[in-house]
Amino acid sequence: QVQLVESGGGLVQAGGSLRLSCAVSGRTVSNYNMGWFRQAPGKEREFVAAISWSGGSTSYADSVKGRFTISRDNAKNTVDLQMNSLKPEDTAVYYCAGRGGFYYTQSSSSYDHWGQGTQVTVSS
């Protein structure tokens, strides 16, 4: 059974940086296209970033483009999200997700495996 465990969340001031990491166990991460999603209180879960199984292709939400970078290390079975220039509106629970197949999507419903989430709070 595939398990995804996020880490790296916390409290940071606006303009600061955090690096989230998702550790995958049970199956090799190279089998999966990976995504990061987030959910703020009272809001729906939204797409943040995704990366193809090979790492050769990435996609970002417009709200984070230029500030966030998704990467993966298939040898270490991890997927990271480097978040720079953080804003208070980035405050949310961040989830790592994986899906099989040949491509990633921006739709949370297409992902089969999810982590438990890690809280990111950005103070103004």
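What you see is a predicted model; the values in this text were computed from it and never measured. Counting begins at 1 with the first residue of the sequence.
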*Scan residues 46-95 for pairs that pass disulfide bond (SG atoms under 2.5 Å apart), counting only residues two or more places apart or in two chains.*
none
*Any side-chain heavy atom of Met83 sitting closer than 4.5 Å to one from Leu20?*
yes
*Return the set of residues passing salt bridge (charged side-chain N to carboxylate O under 4.0 Å, His left out) with Lys65 (not counting sequence neighbours), or none when no residue passes.*
Asp62
*Distance (rounded to the nearest 0.5 Å) between Ser63 OG and Asp90 CG*: 7.0 Å
*May I have all residue pairs that pass disulfide bond (SG atoms under 2.5 Å apart) and include part of residues 26-55, sequence neighbours excluded?*
none
*ring-ring contact (aromatic ring centres under 6.0 Å, His included): which pairs involve residues 53-94, sequence neighbours left out?*
none
_With disulfide bond (SG atoms under 2.5 Å apart) as the rule and sequence neighbours excluded, what pairs involving residues 30-94 come up?_
none
*Val93: hydrophobic cluster co-members (side-chain, 4.5 Å)*: Phe37, Phe47, Tyr95, Tyr104, Tyr111, Trp114
*Looking only at side chains, do Thr91 and Thr121 share a donor and an acceptor under 3.5 Å apart?*
no
*State, to 0.1 Å, how close Ser59 and Gln106 come at their nearest heavy-atom pair, and which atoms those are.*
OG-NE2, 2.9 Å
*asked:* Distance alone, cut at 3.5 Å: any donor-acceptor contact between the side chains of Ser21 and Glu6?
replied: no
_Test: disulfide bond (SG atoms under 2.5 Å apart). Region: residues 34-65. Which pairs qualify, not counting sequence neighbours?_
none
*Would you call Arg19 and Asp80 a salt bridge, taking side-chain N to carboxylate O under 4.0 Å as the test?*
yes
*Find the distance between CG (Asp112) and CG (Leu4) and round it off to the nearest 0.5 Å.*
11.0 Å
*Quick one: CE on Met34 to OG1 on Thr58, what's the gap to the nearest 0.5 Å?*
14.5 Å
*Is there a donor in the side chain of Asn84 and an acceptor in the side chain of Gln82, or the other way round, less than 3.5 Å apart?*
yes
*What are the two closest heavy atoms between Ser124 and Pro88, and how far apart are they?*
CB-CG, 3.9 Å
*What residues form a side-chain hydrogen bond (donor to acceptor under 3.5 Å, both in side chains) with Ser107, not counting sequence neighbours?*
Ser109
*Kindly write out the residues that satisfy salt bridge (charged side-chain N to carboxylate O under 4.0 Å, His left out) with Glu46, not counting sequence neighbours, or none if the list is empty.*
Arg38
_Nearest 0.5 Å, please: how far is OG in Ser57 from CD1 in Ile51?_
8.5 Å
*Taking atom types as modelled and ignoring hydrogens, do the side chains of Ser52 and Asn33 form a donor-acceptor contact shorter than 3.5 angstrom?*
no
*Interatomic distance, Ser108 atom OG to Arg99 atom CZ [nearest 0.5 angstrom]*: 11.5 Å
Using a 3.5 Å cut-off and no angle test, enumerate the donor-acceptor pairs between side-chain atoms of residues 22-29 and protein atoms at least two apart in sequence or in another chain.
{"residue": "Thr28", "atom": "OG1", "partner": "Ser30", "partner atom": "OG", "Å": "3.2"}

*To the nearest 0.5 Å, tell me how far Gln13 CD sits from Leu11 CG.*
8.0 Å
*Co-members of Phe102 in a cluster of I, L, V, M, F, W and Y side chains, linked at under 4.5 Å*: Tyr103
*side-chain contact (heavy atoms from CB on, under 4.5 Å) between Val122 and Lys87: does it pass, once the steps are laid out?*
CA-CA 6 Å; Val122 184; Lys87 305 175 181 180; 5.5 Å; no
*Considering residues at least two apart in sequence or located in another chain, which fulfil the side-chain hydrogen bond (donor to acceptor under 3.5 Å, both in side chains) criterion with Asp73?*
none
*Are the side chain of Thr118 and the backbone of Gly9 linked by a donor-acceptor contact shorter than 3.5 Å?*
yes
